[in-house]
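Comments concern the structure below.
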Amino acid sequence: MRISNLKNHPVSNIKNHLADLFTQALQAVAPEHAIQHAVVLERSKQTQHGDYACNLAMQLAKPMRRSPRDLAQALINALPPSTVIGKLEIAGAGFINIFIAVAAKQQIVSAALCAGDKFGHVDVGAGRTLQVEFVSANPTGPLHIGHGRGAAVGDCLCRVLSAAGWRVTREFYYNDAGAQIENLTLSVELRCNGITPDNVAWPDNGYRGDYIMDVARAYLAREAVVADGKRIQASGDVTDSVALQQFAVTYLRQEQDEDLQAFRIKFDVFSLESALYTTGRVEEVVSALVASGHTYQQDDALWLRTTDFGDDKDRVMRKSDGSYTYFVPDVAYHLDKWRRGFTRVINEQGADHHSTITRVRAGLQALNVGIPQGWPEYVLHQMVTVLRNGEEVKISKRAGSYVTLRDLIDEVGCDATRYFLAARHSSTHLVFDIDLAKSQSNENPVYYIQYAHARICSVLAQWGGEVANLWQADMSALNSSYEQNLLQRIIDFPQLIENAAADLAPHLIAFYLKDLAADLHSYYNATRFLVEDESIKRARLALIAAVAQVMKNGLDLLGVSAPEKMSHKGTM
RNA sequence: GUGCCCGUAGCUCAAUCGGAUAGAGCACCAGCCUUCUAAGCUGGGGGUUACAGGUUCGAUUCCUGUCGGGCACACCA
């Protein structure tokens, strides 16, 4: 077997291979239905049902007025031969159960080892560009756990989409203009003058967190801060509110950048809301919207008739005081994304911003520049509830009481924090129990997975041979049920990446890795690897080396490290 | 009141565009280290998938309604 043959081996993309076969069978048996019925194959949940199942016969039964089991037999008869298929059975109401030939399954080990870090990557994106905007926190305070969820989900999404063949640009949008920034500036100014939040003079919408005091202190001490390559030196002049605002924003951006770096997240592009005003893009969009005929003047304000595009009421664009509401620069920003050539854009954000979706899309539709209706796409994550000492910690920037991302990284660790925040479906509420994550770190799933990887590395190190040559091993000895499970699990990996990318659901990676680790641990406990028989030894080592490769690739999709050693912790 | 999200084992969560007997972890019980890392493994109990209808060969999944939870409903962002 040569490397080039392994790359295109059907077992590396087995579902598509089977789907092709069944499509041909369908053409032969029922050409008139071949167009309406795309062939769907699914993994069987139980081993007695084989490895894959096809439900085509049951779907065709009604329109063709034939019994599903007859149709199943006809499809099987028309199926082109393949070395991948070991056995076919008709079961239940008309399922066609497919058993993959053991010899074909064994090929996946060599294929995975040869592909290395690229194993599992697919090409559904075909190199097309795609932009993901995430985090996009206001520069008015440190990142909290909610931003952490957005950061983890968004970054993992980017990694998954890259692995699925998309060329991904990561973007962060700063709302560095508007009322919240003015509140920030005022809060820092008050702190500079020695006024604290418990003072009656403190405004209701002022920021109360201790970090405001830190900003004020740094400003008075004439410190320098850097964000996005720009260095700002504080003047210390409390009466200069422009300088104060610039310093405060840069200070907080620097802090956010440091937190993101500690969370192993890197953005390609930072966009500033303020730039949309200074470059005239906001005005340009307003003019275009007025010209589109979807606006009207009422009560001294300018309105956009968003109800033309599915909103439940119209929205104000320009307030009677002449300033714009927040969604106007948002529309300008998204028009800019479109003009930069991103025909696919995904915005990952907290569900508390879901009402913006309709408005932004309505504004873009009103511009009538060819943007599709469902553009951009959104992935919304639900709120994170934080438990500390068994009690819910209320997240409120203004009250200054919340758990920062930095706290979590310091207390729980980057790996575990990323895993916990990314390992849940984003549409469900997440409970993050800090004490549990800290005190039970020995039972943390991320350690379970990393431990499986470290165990393999340890065995390979004790063997001391050349891992790079293992792909040439004779795999025919891999016949135990443990080995079959692992082979199938490896075969599933490319399909997993395809599904996770299609569903924009990176949490699937986390669950897969837990299952893979469980299979590995069972195998490890039941099997010796460094045995006398050279052929068996090499086959088993090749298998676990392939498993380690998949775990490393999978952990990388989550941004979690794959250590080669685990140092014991705790009292176990 | 309106819109969006959610409701699965005691707890935290899965379930691949509707598939066959709904799965893991934690917690609880009983076992496994003179052998490659016990942060591990093996076995056990635990369910009317909130509730009621509907669609069909088949529903945790889709539709309608009810109940419960979260979020959003400004000329705030």
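Proteins come first, then strands; the chains are lettered A, B, ... in the order of their sequence lines, and each starts at number 1.
Summarising the geometry, the separation between NE2 on H49(A) and C1' on rU21(B) is reported as 8 Å, rounded to the nearest angstrom. Separating the CD atom of Q59(A) from the C1' atom of rC17(B) is a distance of 11 Å, rounded to the nearest angstrom. Rounded to whole Å, the distance from OH on Y447(A) to P on rC26(B) is 16 Å. As rounded to whole Å, 19 Å separates atom P of rA74(B) from atom CE of M317(A). Between Y378(A) atom OH and rA72(B) atom P the separation is 17 Å, expressed in whole Å. Atom CD of E42(A) is separated from atom P of rG58(B) by 17 Å (rounded to the nearest Å). Atom CZ of R315(A) is separated from atom P of rA74(B) by 7 Å (rounded to the nearest Å). In this structure, K62(A) places its NZ atom 12 Å from C1' of rG58(B), rounding to the nearest Å.
A salt bridge links R315(A) and D311(A); the closest N-O separation between the charged side-chain nitrogens and carboxylate oxygens is under 4.0 Å.
Taking a pair as Watson-Crick or G-U wobble with both distances under 3.5 Å, the runs of three or more consecutive pairs in RNA chain B are B:1-7 with B:67-73, B:10-13 with B:23-26, B:28-32 with B:40-44, B:50-54 with B:62-66.
rA50(B) and rC6(B) are spaced 13 Å apart, taking the P atom of each and rounding to whole Å.
At the phosphate of rC41(B), OP1 or OP2 sits under 4.0 Å from a side-chain N or O atom of Y448(A). OP1 and OP2 of rC5(B) both lie 4.0 Å or more from every side-chain N or O belonging to S427(A). A sub-4.0 Å separation between OP1 or OP2 of rU16(B) and a side-chain N or O of H507(A) is absent. Contact annotation: T428(A) side-chain N/O to rA14(B) OP1/OP2 distance is under 4.0 Å.
Sorted by residue number, the members of residues 527-534 of chain A with any non-hydrogen atom under 4.0 Å from RNA chain B read T527(A), R528(A), F529(A), L530(A).
Across the interface with RNA chain B, nearest-nucleotide mapping of N525(A) and K319(A) shows N525(A) to be the residue nearer the 5′ end. Mapped onto RNA chain B by nearest heavy atom, Y482(A) and W303(A) fall at different nucleotides, with Y482(A) at the one closer to the 5' end.
T47(A) pairs by the side-chain hydrogen bond (donor to acceptor under 3.5 Å, both in side chains) definition with nothing, not counting sequence neighbours.
Side chain of D176(A) to main chain of S274(A): a donor-acceptor pair is present (N/O by atom type, distance under 3.5 Å, no hydrogens or angles). H334(A) places no side-chain N or O within 3.5 Å of a backbone atom of G363(A) that could act as its donor or acceptor partner.
For F134(A) and F172(A), the distance between ring centers is not under 6.0 angstrom.
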